[in-house]
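A short write-up of the structure that comes next.
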Number of protein chains: 2
Amino acid sequence: MQKIHNLSKNQKIIFDLIDKSAEPMKAYAILFNVQKKGIKAPLQVYRALDKLVEIGKIHKIESRNAFIACQNSSCQISKATAFSICESCENISEISNSKLSKYLSNFSDNSGMKYSKYNLEFFGLCKKCKSK
Amino acid sequence: MQKIHNLSKNQKIIFDLIDKSAEPMKAYAILFNVQKKGIKAPLQVYRALDKLVEIGKIHKIESRNAFIACQNSSCQISKATAFSICESCENISEISNSKLSKYLSNFSDNSGMKYSKYNLEFFGLCKKCKSK
DNA sequence: TAACAGTATGTAATAATATAACATTTATAA
DNA sequence: TTATAAATGTTATATTATTACATACTGTTA
Ligand SMILES: [Zn+2]
Ligand SMILES: [Zn+2]
Ligand SMILES: [Zn+2]
Ligand SMILES: [Zn+2]
């Protein structure tokens, strides 16, 4: 059962922008885009991003410092994320593969760590770029 | 068969520092530490870091913007990395688990992507922090 | 309603991370 | 030795993210 979060004004503006974007967006690109809507300072953007990440509406692509809307409604609130990144055209998408997520969510080793979250980034070439 | 890379002067200074460190090091912490050895500018540090990452002597912990020496001699030259991160004490270590690396290296889906590299970060609580 | 707690906002300043551009030097190999 | 690649030095600047502080909104409960 997923809690419904009513997004605040800034959160909604920023989520809508990211959600409509074809690619992951960087914080300052977001800032530039929402200035006409009255969001003027980096901190306003970062605060909204933090919250949106926290509630799983968006994810951060760590290797790119960019943010993407969650493409996976059943995604476990940002606790289990996997992405596919084309190193040639920078096309990025969220991987939704139940075997993979089960495997990783159940992963444990003999280190004594109790894992509660993971983030995985795969890199390679997409269909298009492969055939060039 | 692993190619032997003869590290240059700056690369060696910086690798030795990271290798001796108990924790992952951030670029400007590295800079501060090597200034007495004549490395004065950020770019000198970043260039050495880039090379060391490229040849697999160190890895970047993306979620922390920090660098750690490879703890896994058989690590496939930074093509397949996994880390364990305690969110309480920030203890970080490289996971060396052949089943995991096999599973991920062989991962493929029906997206048409050809994967050649991955980076995985697990988050949780270490033994010590769990029992607090 | 009033008081409170929690969340969100606005604004300015600054910190932390990373790269561009250009000149020079050193190592490697044909 | 000549050419090429790799590494270095230096200055400036771009990009990403946070601190600090004041104010306002939202929902809950006395
Ligand atoms: Zn998701
Ligand atoms: Zn591509
Ligand atoms: Zn390694
Ligand atoms: Zn710990």
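Below, read A as the first sequence line, B as the second, and so on, with proteins coming before strands; counting in each chain starts at 1. Remember, it's a predicted structure, so these values are computed and weren't measured experimentally.
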For salt bridge (charged side-chain N to carboxylate O under 4.0 Å, His left out), just list the numbers for R64(A) and E90(A), CA-CA rounded to whole Å, side-chain angles, deciding distance to a tenth of an Å, and then say yes or no. CA-CA 10 Å; R64(A) 299 297 187 264; E90(A) 286 295 316; 2.7 Å; yes

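- Atoms CG (N10(B)) and C1' (dT10(D)) sit 13 Å apart, rounded to a whole Å.
- Contact check, S8(A) against dT7(C): no side-chain N or O comes under 4.0 Å of OP1 or OP2.
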Reading nucleotides 13-30 of chain C 5' to 3', which nucleotides get B (base under 4.0 Å from a protein heavy atom), which S (sugar-phosphate only), which -? ----BBBBB---------

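- Residue Q44(B) has its side chain nearest to dT10(D) when only dA8(C), dT10(D), dT11(C) are considered.
- If you measure from atom CG of L31(A) to atom P of dT16(D), you get 11 Å, rounded to the nearest angstrom.
- Residues I55(B) and F123(A) do not share a hydrophobic cluster, clusters being chains of Ile/Leu/Val/Met/Phe/Trp/Tyr side chains in contact below 4.5 Å.
- The nearest whole Å value for the distance from the CG atom in L7(B) to the C1' atom in dA7(D) is 12 Å.
- In this structure D50(B) satisfies the salt bridge (charged side-chain N to carboxylate O under 4.0 Å, His left out) test with no other residue, sequence neighbours excluded.
- Remark: P of dT9(C) and CG of L49(A) are 12 Å apart, rounded to the nearest angstrom.
- Across every non-hydrogen atom of L31(B) and I39(B), the tightest pair is CD1-O, 3.7 Å.
- In this structure, I13(B) atom CD1 and dT8(D) atom C1' are separated by 11 Å, rounded to whole Å.
- Between I30(A) atom CD1 and dT16(D) atom C1' there is a gap of 12 Å when expressed in whole angstrom units.
- A salt bridge links E87(B) with K117(A): at least one charged nitrogen is closer than 4.0 Å to a carboxylate oxygen.
- Within the 4.0 Å cut-off from OP1 or OP2 of dT9(C), not a single side-chain nitrogen or oxygen of K9(A) is found.
- As rounded to whole Å, 9 Å separates atom C1' of dT11(C) from atom NZ of K40(A).
- Overall bending of the helix from dT1(C)-dA30(D) to dA30(C)-dT1(D), expressed as the angle between end axes built from five pairs apiece, is 30° (10° steps).
- The distance between atom NZ of K51(A) and atom P of dT26(D), rounded to the nearest whole Å, is 15 Å.
- Clustering of Ile, Leu, Val, Met, Phe, Trp and Tyr side chains at separations under 4.5 Å leaves L43(B) isolated, with no partner residue.
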Extract all donor-acceptor atom pairs below 3.5 Å that involve side chains of residues 11-21 of chain B and protein atoms in other chains or at least two apart in sequence.
from, atom 1, to, atom 2, distance (Å)
Q11(B), OE1, S8(B), N, 3.0
Q11(B), OE1, S8(B), OG, 3.4
Q11(B), NE2, S8(B), OG, 3.4
K12(B), NZ, D16(B), OD2, 2.8
S21(B), OG, E23(B), N, 3.1
S21(B), OG, E23(B), O, 2.4

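- In this model, a donor atom of one side chain and an acceptor atom of the other lie less than 3.5 Å apart for S63(A) and E121(A).
- In this structure K57(A) satisfies the salt bridge (charged side-chain N to carboxylate O under 4.0 Å, His left out) test with no other residue, sequence neighbours excluded.
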